[in-house]
*Asks:* 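First the structure, which I've put down as structure tokens, then a few questions once you've had a look.
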2 protein chains.
Amino acid sequence: MIDMAELRQRFSERQYKLTPQRQIILQAFIDHQDKHLSAEDVYTIVRKQSPEIGLATVYRTLELLSDLEILQKLDFGDGRSRYEINETNTPHHHHHLICLSCGKVKEFEDDLLETLEAVIARKSRFKIVDHQVKFYGYCRECQEESDDP
Amino acid sequence: MIDMAELRQRFSERQYKLTPQRQIILQAFIDHQDKHLSAEDVYTIVRKQSPEIGLATVYRTLELLSDLEILQKLDFGDGRSRYEINETNTPHHHHHLICLSCGKVKEFEDDLLETLEAVIARKSRFKIVDHQVKFYGYCRECQEESDDP
DNA sequence: ATTAGTGCAAAGTATTTGCAACAGT
DNA sequence: ACTGTTGCAAATACTTTGCACTAAT
């Protein structure tokens, strides 16, 4: 899914370099596909291999990777930005289900939003290029817990 | 739409007081129904009538009003939280269309999301209580501008 | 040589908190 | 009196920036 050669290509097209630091940061996302990592999360992971890396570098790399649309920036309202690999190639989108009780974030595959995007584009003349959908509620586990007396 | 008597009721139920400061802050939202005000925005507006008010009070009030579900907290990714009056009573939801070029935020009325919520609830056993949907794209004006040579 | 990239420390911005004073019941 | 509320200042949390140094072409 992530092709380093193709990435290096995408970097050099815009005269960016795929430095060791940037590779290691990317690797962190590859090793944690299902997670939504914050800058601090990435910093912690990455320092295991590269203890001299700076937090500013992490922030700058995350911004760069978002600009290159390799990562997608997310916001779950916990005061920090989170990132995940942007699978633009795959046609199915996923939404995030955020549990108000335990804070966990689950993914939900769906492409009903495509329909909605089309409706909006037609009615509002807005040219939509991306969307972000968050559902807030209670996950199964937390529902079961609150059922107990 | 906003009934002060009903509000005072909702406050006192939980032994909160509808203080002058809180009323003035609420009034700011009533006077700017179509806007998405940040804490700083509210602070600026409110100081015209009440110059001695503190920014911390604004923050605390916004949090309280969100807890009481009188306001809804929004996030447009510009680094600050924004708020709008939460029209829970009205059945139609609206989504936000964020222009990537000029940054303006438009509203779009729709309730197709209800369908999606039902699907998710069934498939994932997640009990959904709220959602937030953002569409990113280019507004009509900015599209027209970029058409020009 | 030139230009991009890095680490560190400092600065910036948004938000929260501790606390003494205050207000309403 | 009691308890919630306020304003101020200080603290915190996340992120960005200035700068000298390094690495890669």
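Letters go in sequence order (proteins before strands), and every chain restarts at 1. In what follows, every heavy atom counts, from backbone to side chain, and hydrogens, waters and symmetry copies are set aside.
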*Asks:* Take the protein atom OH of Tyr59(A) and the nucleotide atom P of dA10(C), then report the distance between them rounded to whole Å.
*Replies:*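 It is 18 Å, rounded to the nearest whole Å.
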
*Asks:* When you look at Glu52(A) and Ser50(A), which way does the side chain to side chain donor-acceptor pair (under 3.5 Å) test go after all the steps?
*Replies:* CA-CA 6 Å; Glu52(A) 71 295 341; Ser50(A) 223; 3.1 Å; yes

*Asks:* With a distance cut-off below 6.0 Å to the six-membered ring centre and an angular limit of 45° from the axis, does Arg47(A) pair with Tyr43(A) as a cation-pi contact?
*Replies:*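 Yes, Arg47(A) lies over the aromatic ring of Tyr43(A).
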
*Asks:* Checking side-chain polar atoms at under 3.5 Å, does Gln27(A) have a donor or acceptor matched by the opposite partner on His32(A)?
*Replies:*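 There is no such pair between these side chains.
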
*Asks:* What contact category does Ser81(A) fall into here, base, sugar-phosphate, or nothing, at under 4.0 angstrom with non-hydrogen atoms?
*Replies:*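 Ser81(A): backbone/sugar contact only, no base atoms under 4.0 Å.
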
*Asks:* Respond yes when some side-chain nitrogen or oxygen of Thr19(A) is under 4.0 Å from OP1 or OP2 of dT6(C), and no when none is.
*Replies:*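 Affirmative; the distance criterion is met.
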
*Asks:* Using heavy atoms to find the nearest nucleotide of DNA chain C for Ala56(B) and Tyr43(A) separately, return the residue whose nucleotide is more 5′.
*Replies:*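 Looking at DNA chain C, the more 5' nearest nucleotide goes with Tyr43(A).
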
*Asks:* Without decimals, in angstroms, what is the distance between Leu18(B) CG and dG24(C) P?
*Replies:*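 The distance from CG of Leu18(B) to P of dG24(C) comes to 13 Å, rounded to the nearest Å.
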
*Asks:* In this structure, how many angstroms lie between the P atom of dG24(C) and the CD atom of Gln23(B), rounded?
*Replies:*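 My rounded result for the distance is 12 Å.
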
*Asks:* In terms of side-chain heavy atoms, does Glu107(A) have a donor or acceptor partner in His95(A) at a distance below 3.5 Å?
*Replies:*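 Per modelled atom types, Glu107(A) and His95(A) side chains form no pair under 3.5 Å.
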
*Asks:* Between Gln132(B) and Asp75(B), is any side-chain donor less than 3.5 angstrom from a side-chain acceptor?
*Replies:*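 There is no such pair (donor and acceptor under 3.5 Å, judged by atom type) between the side chains of Gln132(B) and Asp75(B).
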
*Asks:* Do His131(B) and Tyr136(A) pass the ring pair (Phe, Tyr, Trp, His ring centres under 6.0 Å) test, and can you show the C-alpha distance, the side-chain angles, and the key distance before you say yes or no?
*Replies:* CA-CA 6 Å; His131(B) 62 237; Tyr136(A) 296 94; 9.3 Å; no

*Asks:* Is it true that the side chains of Ser38(A) and Asp41(A) contain a donor and an acceptor less than 3.5 Å apart?
*Replies:*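 Distance-only check passes for Ser38(A) and Asp41(A).
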
*Asks:* Atom CG of Leu55(A) to atom P of dA11(C): distance rounded to whole Å?
*Replies:*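 Rounded to whole Å, this separation is 18 Å.
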
*Asks:* For DNA chain D, which nucleotides open and close the run of contacts to chain A, 5' to 3', at under 4.0 angstrom from a non-hydrogen atom?
*Replies:*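 On DNA chain D, the outermost contacted nucleotides are dC14(D) to dG18(D).
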
*Asks:* In this structure, how many angstroms lie between the P atom of dT3(C) and the OH atom of Tyr16(A), rounded?
*Replies:*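 From Tyr16(A) OH to dT3(C) P: 16 Å.
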
*Asks:* Base, sugar-phosphate or nothing for Glu63(B)? Non-hydrogen atoms, less than 4.0 Å.
*Replies:*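 Nothing, no heavy atom under 4.0 Å.
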
*Asks:* Just to be sure I understand the rule, does Glu52(B) reach a base, reach only the sugar-phosphate, or reach nothing, if contact means heavy atoms closer than 4.0 Å?
*Replies:*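 It contacts sugar-phosphate atoms only.
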
*Asks:* Hey, does Arg60(B) reach any base, or is it just sugar-phosphate, or nothing, if we go heavy atoms under 4.0 Å?
*Replies:*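 Base: the residue Arg60(B), judged by heavy atoms under 4.0 Å, touches a nucleobase.
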
*Asks:* I need the CZ-C1' distance between Phe11(B) and dG24(C), as an integer number of Å.
*Replies:*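 From Phe11(B) CZ to dG24(C) C1': 15 Å.
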
*Asks:* May I have the distance from Arg80(A) (atom CZ) to dA14(C) (atom P), rounded to whole angstrom?
*Replies:*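 After rounding, the gap between these two atoms is 18 Å.
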
*Asks:* Ignoring backbone atoms, test whether Arg22(A) places a side-chain nitrogen or oxygen under 4.0 Å from the OP1 or OP2 oxygen of dT6(C).
*Replies:*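 Yes, Arg22(A) has a side-chain N/O under 4.0 Å of OP1/OP2 on dT6(C).
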
*Asks:* CD1 of Ile53(A) versus C1' of dG5(C): gap in Å, rounded?
*Replies:*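 Rounded to the whole Å, the gap is 11 Å.
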
*Asks:* Reckon Gln21(B) touches a base, only the sugar-phosphate, or nothing at all at heavy-atom distances under 4.0 Å?
*Replies:*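 Sugar-phosphate: the residue Gln21(B), judged by heavy atoms under 4.0 Å, touches backbone atoms but no base.
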
